[in-house]
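In what follows, a single structure is set out as structure tokens and then discussed.
Not measured: the values here are computed from a predicted model.
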Amino acid sequence: MRETRSAPAPQKFVASKFEKEGSAVGRKGLTYLQSFPRGMECVDPLGLGIIDNRTLRLITESAHSSPKTDKDIQDGNLREKLLYFSENFDAKMFLSRIHSNTSAADLEAGALALKTDFKSRTEQRKQLVKDNFDCFVSCKTTIDDIESKLRQIEDDPEGSGTSHLFNIIQDVSLQANRALKPLFERQAQAEKIRTVQGMLQRFRTLFNLPSTIRGSISKGEYDLAVREYKKAKSIVLPSHIQVGILKRVLEEVEKVMNDFKTMLFKSMEDPQIDPTNLENTVRLLLDLEPESDPVWHYLNIQNQRICGLLEKCTLDHEARMENLHNELRERALSDARWRQIQEDMNESSDINNSPIGNTYPAVQSHPSDLTGEEVDGLRGRYIHRLTAVIIHYIPAFWKVALSVFSGKFAKSSQVPTDSNSNSSANKIEEKAGDGKYSSHSLDEVAAMICSTISLYGVKVTSIFHDLEESNVLQFYMSEAIEDISKACATLELKEAAPPIAVASIRTLQSEIIKIYILRLCSWMRASVEEVSKDVTWVIVSILERNKSPYAISFLPLTFRSVVASAMDQINSMLRSLRNEATKSEDMFMQLQEIQESVRLAFLNCFLDFAGSLERIGFELGQHRSDEEGSQLPNGYTHELENAPSGLRGGVIDPHQQLLIVLSNIGYCKNELSCELYDKYRHIWQHSRGKDEGNSDLEYLVNSFSALEAKVLEQYTFAKANLIRSAAMNYLLHSGIQWGAAPAVKGVRDAAVELLHTLVAVHAEVFAGAKPLLDKTLGILVEGLIDTFISIFHENEATDLSALDTNGFCQLMLELEYFETILNPYFTSDARDSLKSLQGLLLEKATESVTDAVDNPGHNRRPTRGSEDALADDKQQGTTVSPDELISLAQQYSSEFLQSELERTRINTACFAESFPLDSVPEPAKSAYSPFRNSMDSPSRNHRGTYNTGASSFSRHRH
């Protein structure tokens, strides 16, 4: 008991001691802990356990590492507080974290050990100071004496301090500078005078050098002028000594020699220069050490001459074009004056139909037709002249270059004519070895010719681009390609041009052919776009469309004509290019690129045409939306009175126009795309596999299929509005109160009128796009059933709030009638919707009969036939079950269905032949079967599962 009461006091004492002395212990603890080698263990400072070096090292390293995030900073602060050798050591935290499981007795013992050790160390320090106190006092006195003596020496003005010595030396230096500065200046001036005097004495003959050299040049003694110049250069001092009059003399000499070198270079520009004079000129220029190689300069001149001829062709072409434009301008002015004379004569004579008045249109149309031919003719002749320059001058220039770099011309150009021939030849060889101006090679000449060919290519390509506005099917472009082919054949002869130049002009040929083919492709796409804007709604005859089931307009045929004309021309150009592709790998690669471009252009033409058809369909949809209120009950509109005059004689009804668009799309998908692709696939088939070709055709078919689905959706949506109107008339406006319906006597006329809407659609689609008949009617039949459900939910609380037994049997008979007639177009979704509708009607009829039994006074008593007695009995208190309603509806069906099918056979003959009762489809017979087993809560399965929006299908088939 005594130990338990005394335990808290030591804990409090230990915590307070750590608060007061923890930081001091932390400052000394680092040295103490670092004294332990790696792998050893460290004793807890409280003496309560062992802290291994690994844990200590982890704490230490994490404490000294730089934090990266806020979490790292918090962790670093925590570790700093846990390290007992840290400045931020927290005794309380150390105890709570490290010794959280240590008993109070152990903590008291550890605190006592720390206190004892601290007192021991303090006593040791005190004893150390006490034992050596005399030594400390003696050292302090000695240091103070030394400091006092140093301060006295530094402060004494007459002593040996550093400040005093520095000031004295500074005064001596200033006095010496004042005394000796004029002497130093006079000595420098005298040195300069002696230098100038020596230079004047040494270069006395140099001052007469400019006039001497100028005289030799004027006399034609070029070798003497060169020797004098070399002597002058041999005695010239370095540039930093050439000052004053000497510098001006040397500048004058250099100016004379530069003029002389310019004259020599100028003489090499003469196209009729003699070879001997050329070699002598080159030798003189080599002796004068020109900045450029004279031989290379001569070759440059020849190359510039060829380029100049090309430029001259360009200037002549521009002049001819300007003259042609002036001539055309004069023609226009002349025509304007002639037109004014005609107008004056017509006003004076008041004759509007005179022969003079009728001559102007012919005169006016002639210049505009002639202009394109004349301009293209000038451009073609311009390309022909450019090609003639290449053919006549490039081979000769290359032969000269071959002779120069074969060594003959170089040796003759290096023959010296003066007495110092050996030294001159040695200098030429040295300069050639230095590579200053003789480092050129035949490859550089080849590059020069390639540059000229490139210039030719730029001009030809530019003028070829100018032919873009002309008719690409004319002969101007093809003749230009023939000229380029002639140039290629000429340069391929032996020693006519470097191989790199031949490759360059071959590349130019392939590029021009590629441009021409791309022009054809561009024209093809532009023409497709242009013809797509001219929309006509006249259906072509069955022979013109090759007995196709699609009643198309002229648009697909025009599209085929444009594509075929361009692709035929492309095929002929590629046939000539394939022959050249076998000679070069690069040309073969170019051919593959062109073939790929043609393939893409061909496919894009179809895609562009598909986009145009989509645009036409969209515009028709917009037009249909604008004229939504002008529909007649049978589905036709009042467009005949308001149709534009340009569409007279063609199809005007927007729905039929949409059908024509559908026919055009189907014709392109199933016939035209396959026909044209199979005809021209050999153009690119060599570079692509058969499977890839099939994928292209499949992609086109898929694209047109997707477009067909979009336009078909517009068409069916338009027809769905008509069907909804007919369905509204059938259910709500046929004059029947469904809560008190008359006896069933067969299919009503309203049902037949409803079928007439589908008959009209059948007739349209059968005549215009027969392959889409099943798909179209399948969508519309499904939409019809969904529309019935939508109308039922919309009017469930009003017109269809009650449905008696006769009304139920009447609707079930007519629904079975619809299903039997439209059976070929019933989809699985449509059958499911029909079953849902029948379930809703059965549920409504059951509810209505039950309400009638509960409230008999609210129902009038009908007068009906044999089945009326059953209904009367039910109204008088007997409940009618759903199975009885279904059985009664089946009796009516067996009695009236076959006869009604026979009666309306002509009305519905377009759908199928009349069905005898025994051949009624099985789905129609079993239409009631699902409801016998699911009558517990039919409303839970069907009510509220359909949208009530106008003319909206719950499922669309695409």
If you take all heavy atoms of [X] and [Y], which pair is closest and at what distance?
X	Y	value
Thr387	Ile383	OG1-O, 2.8 Å
Met268	Leu285	SD-CD1, 3.7 Å
Ala496	Thr490	CB-O, 3.5 Å
Met263	Tyr222	CE-OH, 3.8 Å
Ser485	Gln509	OG-NE2, 2.8 Å
Trp398	Glu495	CD1-O, 3.5 Å

Applying ring pair (Phe, Tyr, Trp, His ring centres under 6.0 Å) to Tyr393 and not counting sequence neighbours gives none

Taking ring pair (Phe, Tyr, Trp, His ring centres under 6.0 Å) as the definition, give me every residue that meets it alongside Phe265, ordered by chain and number, with sequence neighbours left out. His297

Test side-chain contact (heavy atoms from CB on, under 4.5 Å) applied to Tyr382 and Val460, step by step: CA-CA 9 Å; Tyr382 173 50; Val460 170; over 6 Å; no

Crowded around Phe184 CZ? As in, over 12 foreign heavy atoms under 6.0 Å? no

Is the number of heavy atoms from other residues, nucleotides or ligands within 6.0 Å of CG (Leu442) greater than 12? yes

Separation of [Y] [atom2] from [X] [atom1] (nearest 0.5 Å):
X	Y	atom1	atom2	value
Gln302	Ile394	CD	CD1	11.0 Å
Leu402	Phe397	CG	CZ	10.0 Å
Ile453	Leu491	CD1	CG	5.5 Å
Asp259	Lys261	CG	NZ	10.5 Å
Leu508	Ile484	CG	CD1	5.0 Å
Asp145	Lys140	CG	NZ	10.0 Å

Do the non-hydrogen side-chain atoms of [X] and [Y] ever get within less than 4.5 Å of each other?
X	Y	value
Arg214	Glu252	yes
Arg125	Thr122	yes
Lys459	Leu310	yes
Tyr229	Glu254	yes
Asn326	Arg329	yes

Go through it in stages, so that I can follow the logic: the residues are Leu284 and Asp223, the test is side-chain contact (heavy atoms from CB on, under 4.5 Å), and I'd like the CA-CA distance, side-chain angles, deciding distance and then a yes or no. CA-CA 8 Å; Leu284 291 173; Asp223 295 332; 3.1 Å; yes

Are any side-chain N or O atoms of [X] and backbone N or O atoms of [Y], one a donor and one an acceptor, separated by less than 3.5 Å?
X	Y	result
Ser138	Cys135	no
Ser462	Val458	no
Ser267	Leu264	yes
Ser148	Asp144	no

Can you spot which of Thr314, Leu386, Val389 makes a side-chain contact (heavy atoms from CB on, under 4.5 Å) with Leu309? Val389

Among all residues two or more places apart in sequence or in another chain, which pass the side-chain contact (heavy atoms from CB on, under 4.5 Å) test with Leu378? His317, Arg320, Met321, Leu324, Arg381

Do Gln175 and Asp171 pair up side chain to side chain, a donor and an acceptor below 3.5 Å, judged on atom types alone? no

Salt bridge or not for Glu191 and Arg194, using N-O below 4.0 Å? yes

Going through the distances and angles, do Gln124 and Leu128 end up as a side-chain contact (heavy atoms from CB on, under 4.5 Å)? CA-CA 6 Å; Gln124 289 176 4; Leu128 177 64; over 6 Å; no

Any chance you could lay out the salt bridge (charged side-chain N to carboxylate O under 4.0 Å, His left out) test for Glu221 and Arg227, step after step, and finish with the verdict? CA-CA 10 Å; Glu221 298 175 351; Arg227 283 198 300 271; over 6 Å; no

Please lay out, stage by stage, how Trp296 and Met448 fare under the test side-chain contact (heavy atoms from CB on, under 4.5 Å). CA-CA 11 Å; Trp296 187 252; Met448 188 185 300; 3.4 Å; yes

